[in-house]
Amino acid sequence: MRQAAMIVVLAGALGLTGCSGLNDRNQKMLSGAAIGAGVGAVGTVLTGGCVTCGTVIGGAVGTGVGYIMHENEEARK
């Protein structure tokens, strides 16, 4: 358990350092993917489904939503 927590903390730290050079579109897509993956994982845990499948599908949907949000903001400018 302790080893798994350490791996998650290190992966999160490495993931955050990789976000500094992204443009606005990529940041929105990455944020959407992370949020979607989290929601997908939690949703499938609560419903008893395939956690991996829910995470992947949620991440893909979140990425798409992030892209659409960026394009809508660009169209308003």
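Sequential numbering from 1 along the given sequence is applied to the chain's residues.
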### Pair R76-E73, salt bridge (charged side-chain N to carboxylate O under 4.0 Å, His left out): steps then yes or no
CA-CA 5 Å; R76 289 184 195 159; E73 287 179 7; over 6 Å; no
Please list, one pair per line, the donor and acceptor atoms closer than 3.5 Å that link side chains of residues 34-44 to other protein atoms, with sequence neighbours excluded.
| unit_1 | atom_1 | unit_2 | atom_2 | d |
| --- | --- | --- | --- | --- |
| T44 | OG1 | G40 | O | 3.0 |
| T44 | OG1 | A41 | O | 3.0 |

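To the nearest 0.5 angstrom, M69 atom CE is 12.0 Å from E71 atom CD. One finds the NZ atom of K28 at 11.5 Å from the CG atom of N26 (value rounded to the nearest 0.5 Å).
Residues Y67 and M29 come closest through the heavy atom pair N-CG, 3.7 Å.
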